[in-house]
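Structure, as structure tokens:
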Amino acid sequence: MTAPVNWAGNVTFTARELIRPTSVADLQTAVSRATRIRALGSGHSFNRIADTDGTLVSTAGLPPLAETDSAARTVRVNGGMTYAELADRLAGTGLALANMASLPHISIAGSVATGTHGSGDGQGSLATQVRTVELVGPDGELRTLHRDKDGDAFAGSVVSLGALGVVTALTLDLVPAYEISQYGFTGLSVDDATAHFDEIFGSAYSVSLFTDWRGPGFNSAILKHRTGGTPPALPWGTPATERLHPIPGLVADNCTEQLGVPGPWHERLPHFRPGFVPSNGDELQSEWLVARADAVAALRALDGMRAELAPVVQVCEVRTIAADRLWLSPAYGRDTVALHFTWVPDAAAVGPVIAQVEGRLADLAPRPHWGKLYATGPAALRARYPRLGDFALLARAADPAGKFRNPLVSALIGAEGK
Ligand SMILES: Cc1cc2nc3c(=O)[nH]c(=O)nc-3n(C[C@H](O)[C@H](O)[C@H](O)COP(=O)(O)OP(=O)(O)OC[C@H]3O[C@@H](n4cnc5c(N)ncnc54)[C@H](O)[C@@H]3O)c2cc1C
């Protein structure tokens with residue numbers, strides 16, 4: 001077998017095999033027989049979270065599932081399905097997801113497992129859309145967890161880091177379909193962004209600010225507005241007259257339509273279009289999430305380390321996320337501001353800067369994105385994710401022999417490394 005690698009190419013998985021069962025029964029057999037096994041989604045994480053030295057299993061080969069319930073406004077989908085495929089399947093149903101991440105190429109189960117998010121003051125992470133989780137446990141048995149019946153067990157099992165089992169299907173909340181228009185702006189200064197942070201992020205359904213920390217302020221702001229009513233304004237910026245790529249200087253051909261042209265939710269909420277390479281394609285990523293109340297302090301801290309950031313940053317994106325109750329969600333218990341970094345693809349150059357960013361932000365207790373690069377150790381993670389101890393108990397009870405563990409998960413839950 002050629003060793004599988006992640007999307008970014010910076011992780012070569014150590015698995016001795018990659019299997020792709022075509023039925024849930026075959027998946028159950030494979031899991032029950034394995035000594036060590038982990039699910040692989042679309043491989044868009046930048047660290048070893050998905051890795052195992054046993055079997056990697058993709059659920060992308062399971063029979064396609066997209067059962068919508070119009071009355072309940074839900075859809076039951078394969079865990080291995082991508083958001084792009086789901087959007088296609090929702091076409092014509094009059095139903096939509098409330099939010100999406102910056103790209104639709106990622107698998108639903110993999111995204112939910114790492115607390116992946118988009119932006120929006122009123123929008124939770126993608127995991128908050130989950131109503132039920134269906135997963136194969138270490139004994140090969142299928143279990144279903146329900147948001148309305150399973151309380152803490154559910155709250156601990158959605159953002160799971162793949163440590164509780166292989167998710168075959170998820171039921172997601174839907175909303176009536178809607179249109180979005182994207183408006184780009186340039187020329188927003190850091191002073192104006194910090195002085196008017198709440199106004200700016202409250203001005204549209206979903207807001208992102210982008211900077212490479214080389215110029216005086218933000219290279220661009222993208223306001224995603226629910227079509228209808230008055231278009232949003234950004235009095236401290238200049239309306240863009242051409243489409244803007246999040247990474248300054250790149251042509252926006254792989255980006256979703258902007259310039260206020262209305263379009264369906266799934267063709268505007270992600271920054272990047274399906275069928276194209278998202279972002280730059282040649283990059284590493286990190287992201288730290290702090291309490292929204294600390295947004296200005298965090299931006300000031302980053303503004304103060306331009307000399308370190310500018311040589312290794314392709315772009316930094318600022319987004320907001322509503323608080324939730326999912327134990328390992330980076331937005332657990334607090335309205336959140338996410339500080340994302342697309343780095344140059346040079347791990348040796350980026351590594352020290354990651355440590356420096358974490359040092360500068362340390363007083364703000366930043367929570368790293370589980371699927372991106374970070375240096376924070378397990379002790380600090382336990383302090384910043386207040387339910388990590390509860391999750392450790394849950395994971396050890398669900399998987400006593402550690403079939404779904406890998407070194408990253410073992411370090412977090414204080415179990416023997418596998
Ligand atoms: C270009 C780019 C843009 C990005 N933009 C965003 C963004 O806007 N917002 C954001 O928050 N993140 C973003 N990310 C990060 C990305 O969303 C996460 O890394 C996410 O986990 C990717 O999903 P995946 O299917 O590729 O997961 P993988 O990397 O394949 O796996 C991640 C984890 O999920 C587990 N997993 C996967 N499938 C299953 C399953 N069926 N059952 C149980 N566990 C499973 C794996 O075991 C692993 O622990 C971006 C990444 C890239 C490359």
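Note that the structure is predicted; figures quoted are calculated from it, not measured. Start at 1 and go down the list; that is how both ligands and their atoms are numbered.
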What residue pairs, at least two apart or across chains, pass side chain to side chain donor-acceptor pair (under 3.5 Å) with a residue in residues 169-188? R131-D173, T132-T171, R147-D173, S181-T227, Q182-K224, Q182-T256
Tell me whether S42 has any N or O atom under 3.5 angstrom from an N or O of ligand 1. yes
Numbered atoms and elements of ligand 1 in range of T114, under 4.0 angstrom, heavy atoms: 18 (C), 20 (C), 21 (O), 32 (C), 33 (C)
With heavy atoms under 4.0 Å as the rule, classify the contact between H340 and ligand 1 as side chain, backbone, both or neither. neither
Mode of F272 contact toward ligand 1 - side chain, backbone, both, neither (heavy atoms, under 4.0 Å): neither
Honestly, for R38 the part within reach of ligand 1 (heavy atoms, under 4.0 Å) is side chain
Just let me know how R319 lines up against ligand 1, side chain, backbone, both or neither, with a heavy-atom cut-off below 4.0 Å. side chain
With sequence neighbours excluded, residues passing ring pair (Phe, Tyr, Trp, His ring centres under 6.0 Å) with F154: none
Students often mix this up, so state it plainly: with edges at 30° and 60°, are the rings of F210 and H271 parallel, tilted or perpendicular? perpendicular
For A113, take its heavy atoms, then give the atoms of ligand 1 lying under 4.0 Å from any of them. 34 (O), 35 (C)
Is there at least one pair of N or O atoms, one from W7 and one from ligand 1, spaced under 3.5 Å apart? no
So, does D69 use its side chain to make a donor-acceptor pair with the main chain of T74 at under 3.5 Å? no
Pairs of nitrogen or oxygen atoms closer than 3.5 Å, one from L161 and one from ligand 1: do any exist? yes
Within the 4.0 Å heavy-atom cut-off, what S107 brings close to ligand 1 is both
